[in-house]
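Single-structure report; data block below.
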Amino acid sequence: MGSEINGSHGARHIRLTSHPGQGATGAPAIHWGAPTAAERGPVVGTTVNRSQRNVIGTHSGSYGVYRALAVAAGNLVKGHRADLTNTSPTDLIGPYPQWGDADKIVSIDPWGASVADVFSEHLAQGYDIRPTIAVTKAHIHLPEVRQAIAFQRLQVDGKVLLDDSSAVVTKVAIEPVWWLPGVAKRFNVTEADLRRALFEETGGMYPELVTRSDIEVFLPPIGGQTLYIFGDARDLANPNVTLTARVHDECNGSDVFGSDICTCRPYLTHAIEECIRGAQAGGVGLIAYSRKEGRALGEVTKFLVYNARKRQEGGDRADKYFLRTECVAGVQDMRFQELMPDVLHWLGIRKIHRLVSMSNDKFDAITGSGIEVGERVKIPDELVPADARVEIEAKIAAGYFTDGSVPDEVMLAAVKGRGLE
């Protein structure tokens, strides 16, 4: 099927590919969970050659609109092919047995960092295959780390922590790649119901979700993950090497700008300090940072909730903390940690010795996926901002891990934040 549109380049024919037989006839097959890259097959989300496509959506899905704007504005030549010269990972990660287990990894492509090597034959044949994972080296500079050195909680060693107070890390960027049958299984829903919900809640953006049941892989238009590894990345897969880890969900206001209504940045920087200390002691540290702003409700919703909390009768109270979110968003939290352990399995992790997290949802997801967790590390009381007491006490009362007391209803109602100032 097709149609005509008029644009800056005159009338052009659009070929729709929402039904079988309208493309993908030359696309390589994907056998998710196969033990090798050759048997699994490449993920091809190209917009250049539709006959090669074997997925729904496109690579860098959350940035696809920016790419379209660049093409429309003439800043990007349509059909540009990435030159992958010298882009290979700085650190070798895997392959691990989990890569071939369709129950362990369903939301990322385990071969996504090594496409130039493992799919070299396809690339030579002209297939437009692009990495969905990139691995590099970096130095990170944080004032909290400098403070830890000044107070002698951390020591410069010239390897993990340098003279200029920067920490040496391996940094990994990961884009989501969803195998829909596996994602549906994780959420205990049918694949048909998942596809329909994805189709309807994206405004019908991806018709192939409901018309192309033969295509099982989806590149969703959502944010991905960034990993920061302190020490040797290969040690993550060794359960005999002490692993200190935090799984952190994005909070731009606190993480970047230091907003004091929540504990996000203090907990993140505390975890980084713990990771550095652990790596210096012969272990390895990991920060897994996921882009799920505002509990995956979005920042606009988050700020609306802030206003509602501060303006409600009785002020910002810990006993009403979750209620105001439900009133605005209809749900307390949409981060749903079911897919989160995939990245840990990609790293080959079988045991986290020290989990710097109080979240019961994260703990349950990690242990439920078969990864052992030893000690759990809560945020030190002295790092909790005064206005964030509402958040932390409400979460502890709701079941978050603590080695201290759990507030009852009376105590919870007495915990209040400041007003709108």
Side-chain angles (χ1 to χ4, degrees), residues 96-98 101-108 174 176 178-179 181-189 194 222-225 227 236-237 239 242-251 262-264 267-268 270-271 274-275 285-297 318 321-323 325-326 329-379 391-407 412:
Y96 296 113
Q98 295 95 316
D101 188 337
D103 287 326
K104 295 294 186 185
I105 299 177
V106 301
S107 64
I108 61 177
I174 302 176
W178 288 6
W179 180 53
V183 173
K185 184 178 179 181
R186 288 280 180 92
F187 285 91
N188 295 313
V189 300
L194 173 64
I222 60 174
Q225 299 170 295
L227 310 179
L236 292 166
T242 300
L243 168 57
T244 301
R246 174 166 176 78
V247 178
H248 187 93
D249 292 328
E250 178 184 25
C251 176
C262 64
T263 59
C264 296
Y267 214 167
L268 175 61
H270 174 64
E274 291 292 327
C275 285
L286 170 69
I287 302 293
Y289 192 94
S290 298
R291 280 163 187 85
K292 300 177 181 176
E293 179 60 65
R295 298 190 206 149
L297 301 170
Y321 175 78
F322 292 109
L323 176 62
T325 303
E326 289 181 345
V331 65
Q332 290 184 6
D333 196 325
M334 289 200 309
R335 285 176 293 177
F336 303 123
Q337 302 297 343
E338 283 85 350
L339 302 178
M340 174 269 292
D342 287 25
V343 70
L344 306 179
H345 290 297
W346 178 70
L347 292 166
I349 292 173
R350 288 180 284 163
K351 181 175 181 178
I352 298 175
H353 302 75
R354 305 184 71 240
L355 179 63
V356 189
S357 173
M358 296 167 67
S359 169
N360 47 328
D361 289 340
K362 293 175 183 175
F363 174 82
D364 290 344
I366 292 169
T367 57
S369 76
I371 296 173
E372 181 184 352
V373 172
E375 178 188 1
R376 298 177 70 180
V377 182
K378 69 184 289 288
I379 185 172
E391 174 212 41
I392 200 69
E393 295 298 335
K395 289 182 174 179
I396 291 173
Y400 269 42
F401 167 77
T402 181
D403 53 10
S405 61
V406 178
L412 207 59

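The model shown is predicted, which means the values in this text are computed figures rather than measured ones.
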Practice task
Would you indicate whether the side-chain heavy atoms of I174 and W346 approach each other to under 4.5 Å?
Solution key: yes

Exercise for the section: Answer yes or no: is there a donor N or O on one side and an acceptor on the other, between the side chain of Q225 and the main chain of A288, under 3.5 Å? Expected result: no

Problem - E338/R186 ion pair, N-O < 4.0 Å - result: no

Problem - Polar side-chain atom of R246 near backbone of E274 as donor-acceptor pair, under 3.5 Å - result: no

Problem - Minimum-distance pair of heavy atoms, taken over all atoms of V377 and Y267 - result: O-OH, 2.6 Å

Problem - Euclidean distance, T263 OG1 relative to K378 NZ, rounded to 0.5 Å - result: 10.5 Å

Exercise for the section: Quick one: pull up CG in D342 and CH2 in W178 and give me the separation to the nearest 0.5 Å. Expected result: 11.0 Å

Practice task
Verify, without hydrogens or angle tests, whether S290 (side chain) and K292 (backbone) share a donor-acceptor contact under 3.5 angstrom.
Solution key: no

Practice task
Check step by step if side-chain contact (heavy atoms from CB on, under 4.5 Å) holds for R295 and M334.
Solution key: CA-CA 6 Å; R295 298 190 206 149; M334 289 200 309; over 6 Å; no

Problem - Minimal non-hydrogen separation, T325 against V331, with atom names - result: CG2-O, 3.5 Å

Practice task
Before giving the answer on side-chain contact (heavy atoms from CB on, under 4.5 Å), spell out for F336 and F187 the whole-Å C-alpha distance, their side-chain angles and the decisive distance to 0.1 Å.
Solution key: CA-CA 9 Å; F336 303 123; F187 285 91; 3.8 Å; yes

Fill in the blank from the handout: In this structure, CZ of F401 is separated from OG of S357 (nearest 0.5 Å) by 10.0 Å

Completion exercise
d(I349 CD1, L236 CG) to nearest 0.5 Å is 5.0 Å

Problem - Rounded distance (nearest 0.5 Å) linking atom OG1 of T402 with atom CE of M358 - result: 5.0 Å

Practice task
Give a yes-or-no answer on whether the side chains of T244 and H353 include a donor-acceptor pair shorter than 3.5 Å.
Solution key: no

Exercise for the section: Let me see the working for E393 and L412 under side-chain contact (heavy atoms from CB on, under 4.5 Å), right down to the final yes or no. Expected result: CA-CA 7 Å; E393 295 298 335; L412 207 59; 4.1 Å; yes

Handout entry: Under 3.5 Å side-chain donor-acceptor pair for Q337 and D249
Key = yes

Completion exercise
All heavy atoms of A271 vs all of V356, minimum pair found to be CB-CG1, 3.8 Å

Problem - Heavy-atom donor-acceptor pair, K362 side chain to V247 backbone, under 3.5 Å - result: yes

Exercise for the section: Output the distance between atom CZ (R354) and atom CG (L286), rounded to the nearest 0.5 Å. Expected result: 14.0 Å

Exercise for the section: Apply the test side-chain contact (heavy atoms from CB on, under 4.5 Å) to residues Y289 and L268: give CA-CA distance (whole Å), side-chain angles for both, the deciding distance (0.1 Å), then the verdict. Expected result: CA-CA 9 Å; Y289 192 94; L268 175 61; 4.2 Å; yes

Practice task
Give the minimum heavy-atom separation between M340 and I366, together with the two atoms involved.
Solution key: CE-CG1, 3.6 Å

Exercise for the section: Indicate the atoms forming the closest heavy-atom contact of L355 with F363, along with that distance. Expected result: CD2-CD1, 4.2 Å

Handout entry: Close side-chain approach of I287 and L227, heavy atoms under 4.5 Å
Key = no

Practice task
Could you check if a side-chain atom of I396 sits within less than 4.5 angstrom of a side-chain atom of P407, using non-hydrogen atoms only?
Solution key: yes

Practice task
Indicate the atoms forming the closest heavy-atom contact of Q98 with K104, along with that distance.
Solution key: O-CB, 4.0 Å

Exercise for the section: Assess whether atom NZ of K185 is packed by more than 12 heavy atoms of other residues, nucleotides or ligands within 6.0 Å. Expected result: no

